[in-house]
Structures are given as C-alpha cells and as structure tokens.
K.L.:
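Below is a structure I'd like to ask you about.
Note that this is a predicted model, so its numbers are computed, not measured.
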Amino acid sequence: MHILVLGGTAEARALAAALHPEVRVTSSLAGRVASPRLPVGTVRIGGFGGVQGLVDWVRAHHVDAVIDATHPFAERISFNAARAAATAHVPLLALRRPGWVPVEGDDWHSVGSLAEAARALDGLGERVFLTTGRMGLAAFADCPQWFLLRSVDAPEAPMPARTEVLLDRGPFTLDGERGLLRAHRVDLLVTKDSGGAATAPKLRAAREAGIPVVVVRRPPVPAGVRVAATVEEAAAWVHG
C-alpha cells in the first residue's frame, strides 16, 4: 500500500512515523520553509503543478490513498487534493487538529480573513503580537500600529512600517509567552485558529494579561471529504 501524505505539520510527521515501515509513505512538503522538519519515510518537496499535476503524480506512483495533513489554512492544496482524488478515483482523508475554543476570561474577536483582522485592530490595541505567519502580511501593510511578527523564516515586503521580527519556531511555553508579552508591552494578539497545543500557550498568556485576541477563522474542509481529528484516527482509517 502506498499512502501520499500532504504534510508539513506536526500531525503529518506523527502520522508518517505511525505508519512507517509497515506502510509505504511518501510525505509531500510545499517547500515554503527553508529548513523544514522532515518526517520518516520518503519525502518530496515542492508543488505538483495544480490539480492535474497531482492526478498525474498519484497515478504514476501508484498511490492507493491520499491524506491531507496540511495546515488548516492551506486552503488551495486542500481543494486541489479533493479534486485530484476524485479525478484519480483514490480515497482521501483530511487530518485536521481541532480548532481552539474560547473559555471564560477570553476576549476574542472572530474574523473571516486577514483583511478583516487588519480592519479590526483600531480601538483594540496599539502594540500587536502578530502570529499569522509571514504569508499575507500585505493585509497589515497600511496599519499604523506597532507589530511584533513571529515567523519561522524572515518575511518579505510589503509589511507594516513599524514591525519587529522575531524568528522562532514552536512549540512555545506558557512562561515564554508570558515573558514575551511583558517584554514587548503587547496589548493585542492576532492569530489564526490553527488549533493544536504547540502554539496555544499564547492564548492563555493573553487571557491572563487581559489582552484581546483577534482570531481568524479557519476555512472549511472541502465538501464531502472525510475528516479525522487525530493521528490515531487517520492511522486506523489507513489500516481499516
């Protein structure tokens, strides 16, 4: 059996480890991070060239099933995977970590896009901790607030004029997030609802400090695609 895992996430790496070596696994990474953490098994890096390119690859490499374990906000590849799997007549599973849920004490402001997040800043804060990654910074380019941008790789223009860049990679600790908010006098957090535990401590730190959080809602999984919430569920689907 040959499984193609569209990866780049911690869940994708864990799934490859859970299946290997009993199952032949090829993990595909987009190549947007300079030094990605590589999973076990075979790894390919780079795009497929759209839907038809993915269909051709699946057929040429005799793939039996595809698992979309990409980031919850990797909308394009998820929809390409759905179309390609249907065209190639191979089963598809989406592995999606559950989204975050606000608890008592949270001051969350839910928005549908980065552009909406940028428009929501006025009146909420002046020193913004921006944790949406380096892609999509153009949405904030005209914002007058000061930004602390945390990203794995260095960002490129356009970006806000008043920006301090912090190059770092999770998982992050609660004490570390508390100290970061204090040291930079952050009064507003902007994040995507990526879910998972690796970057969740910032939400608790913001709650404790009484800092509002602008949360960008995740896009939906393509219609008709089966979803697994955990690596164990995805592995059981493969073996089932």
Side-chain angles (χ1 to χ4, degrees), residues 8-11 13-14 32-37 71-74 96-219:
T9 60
E11 290 80 10
R13 292 190 296 273
R32 292 178 177 174
V33 176
S35 299
R37 292 171 176 166
H71 191 277
F73 282 82
R96 290 289 184 274
R97 67 187 81 145
W100 291 317
V101 178
V103 301
E104 184 177 355
D106 281 328
D107 180 12
W108 284 16
H109 302 259
S110 179
V111 297
S113 67
L114 292 177
E116 286 186 33
R119 292 193 294 269
L121 301 184
D122 290 342
L124 288 179
E126 293 297 327
R127 296 183 64 83
V128 183
F129 184 21
L130 185 62
T131 65
T132 57
R134 62 189 178 93
M135 309 299 289
L137 286 180
F140 301 92
D142 295 328
C143 294
Q145 288 85 359
W146 177 89
F147 289 85
L148 174 65
L149 169 66
R150 183 163 67 192
S151 174
V152 175
D153 293 322
E156 299 178 356
M159 69 178 73
R162 302 168 60 207
T163 300
E164 179 176 337
V165 177
L166 174 62
L167 298 182
D168 203 356
R169 188 200 302 261
F172 302 104
T173 66
L174 178 57
D175 284 342
E177 299 294 61
R178 288 167 173 159
L180 194 94
L181 298 183
R182 288 194 301 266
H184 295 275
R185 295 180 288 116
V186 168
D187 59 10
L188 177 61
L189 170 64
V190 179
T191 188
K192 292 177 177 178
D193 179 18
S194 55
T199 59
K202 64 189 173 189
L203 299 173
R204 179 174 171 182
R207 182 190 318 130
E208 292 175 350
I211 293 173
V213 183
V214 175
V215 181
V216 182
R217 296 186 296 272
R218 58 173 63 179

K.L.:
Does Val103 have any side chain to side chain contact (heavy atoms under 4.5 Å, CB included) partners at least two apart in sequence or in another chain, and if so, which?
P.N.:
Asp106, Arg207

K.L.:
Checking Phe172 now: which residues fulfil ring-ring contact (aromatic ring centres under 6.0 Å, His included) with it, not counting sequence neighbours?
P.N.:
none

K.L.:
How far does OG1 of Thr199 sit from CD of Glu177, to the nearest 0.5 angstrom?
P.N.:
8.5 Å

K.L.:
Are any non-hydrogen side-chain atoms of His109 and Leu124 less than 4.5 angstrom apart?
P.N.:
yes

K.L.:
Heavy atoms only: give me the nearest Val165-Pro155 pair and the separation to one decimal.
P.N.:
CG1-CD, 3.7 Å

K.L.:
With rounding to the nearest 0.5 Å, note down the distance linking CZ in Phe129 to CD1 in Ile211.
P.N.:
10.0 Å

K.L.:
Once side chain to side chain donor-acceptor pair (under 3.5 Å) is applied, do any residues pair with Arg119, and if so which ones, sequence neighbours excluded?
P.N.:
none

K.L.:
For Arg178, give me all partners under side chain to side chain contact (heavy atoms under 4.5 Å, CB included), at least two apart in sequence or on another chain.
P.N.:
Leu174, Asp175, Arg182, Arg204, Ala205, Glu208

K.L.:
Locate the shortest heavy-atom distance separating Gly8 from Arg13; write the atom from each residue and the value.
P.N.:
O-NH1, 3.8 Å

K.L.:
Under the side chain to side chain contact (heavy atoms under 4.5 Å, CB included) test, which residues partner Pro98, sequence neighbours left out?
P.N.:
Ala229

K.L.:
Return each pair, listed once, that meets salt bridge (charged side-chain N to carboxylate O under 4.0 Å, His left out) where at least one residue sits in residues 154-169; pairs must be two or more places apart or across chains.
P.N.:
none

K.L.:
Pairs in or reaching into residues 187-219: which pass ring pair (Phe, Tyr, Trp, His ring centres under 6.0 Å), with residues at least two apart or in two chains?
P.N.:
none

K.L.:
Under the side chain to side chain contact (heavy atoms under 4.5 Å, CB included) rule, collect the residues that match up with Ala161, sequence neighbours excluded.
P.N.:
none

K.L.:
Are any side-chain N or O atoms of Asp193 and backbone N or O atoms of Arg218, one a donor and one an acceptor, separated by less than 3.5 Å?
P.N.:
no

K.L.:
Name the atoms and distances for all side-chain donor-acceptor pairs under 3.5 Å in residues 184-191, with sequence neighbours left out.
P.N.:
from   : atom 1 : to     : atom 2 : distance (Å)
Asp187 : OD1    : Glu126 : N      : 2.9
Asp187 : OD1    : Arg127 : N      : 2.8
Asp187 : OD2    : Glu126 : N      : 3.2
Thr191 : OG1    : Thr131 : OG1    : 3.2
Thr191 : OG1    : Lys202 : NZ     : 2.9

K.L.:
Tell me every residue that passes salt bridge (Lys or Arg N to Asp or Glu O under 4.0 Å) with Asp107, counting only those two or more places apart in sequence or in another chain.
P.N.:
none

K.L.:
Show which side-chain atoms of residues 134-148 pair as donor or acceptor with protein atoms under 3.5 Å away, not counting sequence neighbours.
P.N.:
from   : atom 1 : to     : atom 2 : distance (Å)
Arg134 : NH2    : Arg32  : O      : 2.3
Gln145 : NE2    : Asp122 : OD1    : 3.1

K.L.:
Would you call Leu114 and Thr132 a side-chain contact if the rule is heavy atoms closer than 4.5 Å?
P.N.:
yes

K.L.:
Are the side chains of Arg97 and Thr9 in contact, using a 4.5 Å heavy-atom criterion?
P.N.:
yes

K.L.:
Taking only residues two or more places apart in sequence, or in another chain, which ones meet Thr173 in a side chain to side chain donor-acceptor pair (under 3.5 Å)?
P.N.:
none

K.L.:
Between Val213 and Ala206, what is the shortest heavy-atom contact and its length?
P.N.:
CG2-CB, 3.8 Å

K.L.:
Check whether any side-chain N or O of Trp100 sits under 3.5 Å from a backbone N or O of Val215 as a donor-acceptor pair, and report yes or no.
P.N.:
no

